[in-house]
Amino acid sequence: MAWQDDAARILLANDRDGHTVPTDGLYPFQWSWDSAITALGWLTFDEARAWREGAVMFDGQWENGMLPHILFHGDSSTYFPGPDVWGGGHRIPSSAISQPPVWATTIRKMYEAAKDRSLAEASVRTLLPMLVDYHDWWYRERDPEETGLVRSFHPWESGMDNSPAWDEPLARVPPVEWEYQRRDLGHVDSSERPHKPEYDRFLYLVDFYKKNDFDPERIYKDCPYRVIDVGIVSILHRASQDLLALCGELGGGLDVAGIEAGLEGTAEAIHSLWSESDSCFLNYDDIADEPLKVRTTATILPLFGGLATAEQANRMAETIDEWLRASAFGVASTHPAEASYEPQRYWRGPVWPHINWMISLGLEKYGFDELAEDVRIATKKCIDKTGFWEYYDADSGKGCGGDEFSWPAAVALHWLDDESASCAS
Ligand code: GLC
């Protein structure tokens with residue numbers, strides 16, 4: 001079977017009546033950034049289904065504009081914490097945090113690539129006001145003091161859930177005091193998943209939002225975890241530019257002043273996070289008021305956001321070149337020279353194809369085409385070796401976490417599908 005058929009088969013198998021689950025069992029609901037990226041894969045063989053992915057996701061948007069990181073479209077006994085623990089939702093039960101806002105970027109890519117022009121135009125016109133509300137929400141509620149840098153209240157919001165960058169700020173969060181049963185360990189070996197003390201704190205935060213009635217002001221003020229995640233900041237920045245481009249073409253009359261101001265603020269403020277000695281931007285602990293020194297792939301995403309100066313971009317390209325080659329199957333999600341590097345454990349080292357895609361787009365944006373292509377080839381090498389897995393051991397290339405996973409399949413269809421690509425069969 002050609003790998004393209006296999007990738008499409010995975011998306012079809014993970015389709016649940018209009019939304020795609022990341023993989024059966026381990027992740028039985030709709031995750032926001034998975035869904036955005038998966039739509040790119042659908043577009044290559046079923047355009048109507050691709051647009052539907054976004055429509056279903058935005059159906060779960062909160063009244064205040066927030067787009068939840070998980071929409072619980074039904075019950076499931078295979079996932080924890082579920083809707084009862086989160087206790088949030090508007091129209092559809094959901095989590096109470098968001099995820100990296102890559103939607104406007106993928107929607108723009110879909111709009112540019114779609115063959116059915118009238119469907120694409122109608123779909124984008126419907127989505128635009130909701131996208132504007134969503135971006136306004138980030139700038140308004142996650143940066144109420146207008147510093148130019150949005151804040152994040154949970155490691156899961158970063159999408160890089162178990163990244164060592166969050167270890168220190170998370171350690172300050174108290175553990176939950178009630179007993180619970182994790183479900184992830186029933187699907188995946190514990191060596192590839194987070195430890196219990198971290199999970200106890202993840203859950204404390206989930207409780208905290210509910211106890212505070214999801215009130216943004218109280219959460220901003222009192223949440224024991226508050227960081228500036230360079231990944232979110234960069235992805236938001238690129239997506240806001242994509243959103244303005246779409247609004248310029250199809251969104252006449254929408255008020256984009258908040259987004260324009262947000263873009264301006266971030267373009268200036270990002271430079272306070274630049275690390276001269278690391279040649280990348282560092283995440284920031286907003287409570288301890290200090291940079292988080294671990295080099296994770298979030299720290300090189302400002303290229304994707306177009307936030308680096310030409311000089312910074314040159315330095316970052318050197319960083320990425322070295323980082324890519326520091327493990328046999330780079331780009332490792334945590335730099336292999338970091339003490340916290342674990343090549344197989346969830347966000348502490350493994351390679352994630354969709355992150356490589358963003359790194360590569362960032363390099364292209366600044367004219368580093370050869371290196372961008374090297375990152376693409378490295379990604380293909382992972383998928384070639386073991387197929388469509390949640391993530392890949394950065395040293396051995398072994399597929400880890402969940403199998404038959406939607407986003408590597410979608411990334412392959414969208415990004416690796418050309419004559420030079422072979423991928424898994
Ligand atoms: C994990 C990942 C997160 C992803 C989710 C579903 O929680 O850390 O980024 O969205 O799985 O694939």
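Counting from 1, the numbers follow the sequence of the chain as shown. Remember, it's 1-based here, ligands and their atoms both numbered in the order they're listed.
- Considering backbone and side-chain atoms alike, Tyr346 places an N or O below 3.5 Å from some N or O of ligand 1.
- Distance from atom 10 (O) of ligand 1 to its nearest protein heavy atom, with residue and atom name: Asp34 OD1, 2.5 Å.
- Between Pro22 and ligand 1, no pair of N/O atoms sits closer than 3.5 Å.
- Phe388 and Trp3 have tilted rings, their planes meeting at an angle from 30° to 60° on a 0 to 90° scale.
- A donor-acceptor pair shorter than 3.5 Å cannot be found between the side chains of Thr38 and Asp34.
- Within ligand 1, counting atoms from 1 as listed, the ones closer than 4.0 Å to a heavy atom of Trp407 are 4 (C), 9 (O), 10 (O).
- Closest to atom 3 (C) of ligand 1 by heavy atom, among Ser158, Pro155, Gly159, is Gly159.
- Ring centroids of His90 and Trp62 are separated by 6.0 Å or more, keeping the two rings apart.
- Screening residues 164-174 for side chain to side chain donor-acceptor pair (under 3.5 Å), with sequence neighbours left out, gives Ser158-Trp166, Asp167-Arg348, Arg172-Asp285.
- Residue Asp161 places at least one N or O, backbone or side chain, under 3.5 Å from an N or O of ligand 1.
- Close contacts between ligand 1 and Phe405 involve ligand atoms 12 (O) [criterion: under 4.0 Å to a heavy atom].
- Residue pairs meeting the salt bridge (Lys or Arg N to Asp or Glu O under 4.0 Å) criterion with at least one partner in residues 227-242, sequence neighbours excluded, are Arg108-Asp242.
- Residue Gln99 places at least one N or O, backbone or side chain, under 3.5 Å from an N or O of ligand 1.
- Between the side chain of Ser360 and the main chain of Val375, no donor-acceptor pair closer than 3.5 Å is present.
- When all heavy atoms of Ala308 and Met316 are compared, the pair lying nearest together is CB-SD, 4.2 Å.
- Per-residue contacts place Trp347 under 4.0 angstrom from the following atoms of ligand 1 (heavy atoms of the residue considered): 2 (C), 8 (O), 9 (O).
- Ligand-side atoms of ligand 1 in range of Trp33: 3 (C), 4 (C), 9 (O), 10 (O), range being under 4.0 angstrom from any heavy atom.
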